[in-house]
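Reviewing the structure listed below.
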Number of protein chains: 2
Amino acid sequence: MTESAPRHSTTTPEPPAHDRVYRGLRQQVMHGELTPGQALTLRGIGRQFGVSMTPAREALRRLTAEGALSLSASGRVTTPELSNDRIEELAQIRALLEPELASRALRRAHLALIDRMEIINEANARAIHRQDPVDYIRTNLEFHRTLYLRAQSPAMLGLLETVWLQLGPTMRALYTRLRRTTAPPHHRQILEALRAGDDAALRLALRSDVTQGLRHLQG
Amino acid sequence: MTESAPRHSTTTPEPPAHDRVYRGLRQQVMHGELTPGQALTLRGIGRQFGVSMTPAREALRRLTAEGALSLSASGRVTTPELSNDRIEELAQIRALLEPELASRALRRAHLALIDRMEIINEANARAIHRQDPVDYIRTNLEFHRTLYLRAQSPAMLGLLETVWLQLGPTMRALYTRLRRTTAPPHHRQILEALRAGDDAALRLALRSDVTQGLRHLQG
DNA sequence: CATGCTCAAGCGTGATCACAAATTCCGCAT
DNA sequence: ATGCGGAATTTGTGATCACGCTTGAGCATG
């Protein structure tokens with residue numbers, strides 16, 4: 001199980017195993033590659049990443065601390081199955097944080113950024129047309145994160161990412177179920193408000209975008 | 001190192017060691033019992049709680065995931081030394097979340113709750129008079145949390161608690177430095193707004209209370 | 001056909017160890 | 001006094017193991 005790849009000593013110092021496992025699992029959860037209620041075992045994770053139980057345990061502990069995974073009373077770890085109330089609340093948190101982050105990014109959003117968002121949005125539209133839920137979620141989050149990175153508010157973005165993480169498996173289940181075929185209507189409004197430098201319109205567009213996506217569940 | 005206490009089998013099932021360690025450290029951090037930059041070692045924590053490195057490692061991993069502790073490049077763990085920018089940002093997050101939580105709690109805040117907050121506030125005033133920073137922080141957070149619990153928004157309260165956690169050691173350093181002798185002036189306004197059922201006044205009082213406490217640093 | 005029971009397989013937990021990297025400390029030279 | 005270099009100590013990391021509990025499949029019982 002030892003790493004046999006020779007290193008040039010000047011390359012990157014190779015991150016610890018528990019961090020590799022953490023990042024791998026985190027991406028799987030956030031992008032909706034796992035369905036709600038899916039069980040994860042220490043030995044299984046260890047096998048999947050070629051490590052022992054120890055780094056697997058640390059990665060799972062870290063992810064459960066962020067709310068990405070939920071812990072049963074007996075210590076077993078699964079992807080969370082969120083109640084409707086919990087989904088609603090997480091959406092409201094998004095609706096609180098994301099307009100704020102967008103507003104903070106507005107003054108720093110130059111044209112190159114908006115162009116980049118446009119490109120990501122096109123990739124998002126392709127993912128929808130291809131009916132690919134994982135790539136849809138991935139590009140959608142990338143669209144938002146690209147904007148929020150300009151807000152220069154790392155703590156707030158960090159909080160928001162844990163919210164995204166908690167919603168990952170649910171979003172997957174949701175978008176697979178309703179098989180949307182039309183692009184998110186509010187992304188265009190977001191881009192237009194950015195170009196116009198219109199703070200109020202930007203906040204409204206984000207609130208709508210965030211709310212709409214998750215409100216479909218409450219049927 | 002085995003647990004020798006006999007159990008009646010019908011008592012509480014005794015939480016795992018890593019959880020005991022986590023809770024102990026979390027309280028120390030949140031209540032400002034640790035100063036910023038303080039180093040924590042696996043073997044040291046293990047010794048302090050009478051366990052091996054393994055549960056200590058899990059507790060530290062969990063706390064760093066919540067931002068309560070910071071991790072150096074070499075894997076060493078310390079309490080965070082926050083930059084002024086970071087403190088400012090965390091205060092702004094509090095100013096965003098806490099008025100929202102208070103507003104949600106408003107309709108459910110009956111008289112018994114307000115009385116309980118009044119009692120906590122008196123304990124808070126005594127802690128100030130006694131110049132006891134740990135008890136000041138503890139009662140201050142308890143005052144706020146008592147209110148927010150009524151908001152029935154566990155996810156939002158959870159996020160807020162991680163923010164409090166990140167500010168713990170800094171608040172300790174702050175309040176020790178400026179040795180305040182006067183009670184937080186906005187707590188009375190909060191209680192009055194609650195009694196009057198005045199949402200706008202409540203939100204304003206909370207924003208002021210949160211902002212004022214941490215703005216003193218920017219000197 | 002439904003319900004409760006048994007037990008073996010699989011699980012998380014915590015202790016211990018070897019190892020490599022980092023840090024600390026002490027003595028020497030400046 | 002002050003800076004530097006190398007050894008000694010301390011540190012996090014990851015593998016492994018034993019232990020006790022949970023769990024679910026299969027079978028017997030109602």
Side-chain angles (χ1 to χ4, degrees), chain A residues 1-25 34 37-66 68-81, chain B residues 1-25 34 37-66 68-81:
Chain A
M1 221 62 79
T2 53
E3 186 65 32
S4 59
R7 292 243 152 236
H8 301 98
S9 85
T10 53
T11 52
T12 55
E14 175 127 19
H18 66 82
D19 205 54
R20 265 189 30 230
V21 176
Y22 166 75
R23 271 199 271 268
L25 287 176
L34 276 41
Q38 190 159 342
L40 302 179
T41 67
L42 294 180
R43 292 167 175 85
I45 299 298
R47 219 172 302 126
Q48 180 181 340
F49 287 86
V51 296
S52 79
M53 287 169 53
T54 310
R57 203 192 318 197
E58 297 185 59
L60 290 186
R61 196 65 73 191
R62 204 170 153 189
L63 286 163
T64 58
E66 296 179 315
L69 300 172
S70 70
L71 199 58
S72 88
S74 65
R76 272 156 162 87
V77 172
T78 60
T79 51
E81 303 184 87
Chain B
M1 218 61 77
T2 54
E3 186 64 33
S4 59
R7 296 241 147 237
H8 300 98
S9 83
T10 54
T11 52
T12 54
E14 176 126 19
H18 65 84
D19 205 54
R20 264 187 33 229
V21 177
Y22 166 77
R23 271 199 270 268
L25 287 176
L34 275 41
Q38 191 158 341
L40 302 179
T41 67
L42 295 179
R43 292 167 177 86
I45 298 298
R47 219 172 302 126
Q48 181 182 340
F49 288 87
V51 297
S52 79
M53 286 168 53
T54 310
R57 205 193 314 199
E58 297 185 60
L60 290 187
R61 196 66 73 192
R62 203 169 153 190
L63 286 163
T64 59
E66 296 178 316
L69 299 172
S70 70
L71 199 57
S72 87
S74 66
R76 268 151 166 91
V77 172
T78 61
T79 52
E81 302 184 89

ask   = Please give, in whole Å, the distance from D:dT13 P to A:Y22 OH?
value = 15 Å
message = Does a side-chain N or O of A:S52 approach OP1 or OP2 of D:dA15 to a distance below 4.0 Å, or not?
response = yes
message = Can you tell me which nucleotide in D:dT11, C:dT13, C:dA15 comes closest to the side chain of B:T41?
response = D:dT11
task = Nearest whole angstrom, please: distance from the P of D:dT11 to the CG of B:L60.
result = 13 Å
remark   = Walking DNA chain D from its 5' end, the first of B:R47 and B:R57 to be reached, judged by nearest nucleotide, is B:R47
inquiry  = Taking side chain to side chain contact (heavy atoms under 4.5 Å, CB included) as the criterion, tell me which of A:L71, A:T41, A:L63 meets it with A:V77.
reply    = A:L71
query = A:S72 or A:P16: which one's nearest nucleotide on DNA chain D is closer to the 5' end?
reply = A:P16
inquiry  = Nearest to the A:T54 side chain among C:dT16, D:dT13, D:dT16, which nucleotide is it?
reply    = D:dT16
inquiry  = Less than 4.5 Å apart, side chain to side chain, heavy atoms only: is that true for A:R61 and B:Y22?
reply    = no
query = Using a cut-off of 4.0 Å on non-hydrogen atoms, how would the nucleic acid contact of B:L71 be classed: base, sugar-phosphate, or nothing?
reply = nothing
message = Quick check: do A:P15 and A:R23 have side-chain heavy atoms less than 4.5 Å from each other?
response = yes
task = May I have the distance from B:I45 (atom CD1) to D:dT11 (atom C1'), rounded to whole angstrom?
result = 13 Å
ask   = Which listed nucleotide (D:dT13, C:dG12, D:dG12) is nearest to the side chain of B:R76?
value = D:dG12
ask   = Within a strict 4.5 Å, meaning less than it, do heavy atoms of the B:H18 and B:V21 side chains meet?
value = no
request  = Record whether the side chain of A:R43 comes under 3.5 Å of the base of C:dG10 through a donor-acceptor pair of N or O atoms.
outcome  = no
query = Contact class for B:L40 (heavy atom, under 4.0 Å): base, sugar-phosphate, or nothing?
reply = sugar-phosphate
inquiry  = How many whole angstroms separate atom CG of B:L42 from atom C1' of C:dA15?
reply    = 14 Å
remark   = Residues A:L42 and A:M53: closest non-hydrogen pair is CD1-CE, 4.1 Å
request  = Could you tell me whether the phosphate oxygens of C:dG12, OP1 or OP2, come under 4.0 Å of any side-chain nitrogen or oxygen in A:S74?
outcome  = no
request  = Would you mind telling me which of D:dT10, C:dC17, C:dC11 lies closest to the side-chain atoms of B:M53?
outcome  = C:dC17
ask   = Which whole-number value in Å describes the distance from A:R20 CZ to D:dT13 C1'?
value = 13 Å
ask   = Is there a side-chain polar atom (N or O) of A:R61 under 4.0 Å from OP1 or OP2 of C:dT13?
value = yes
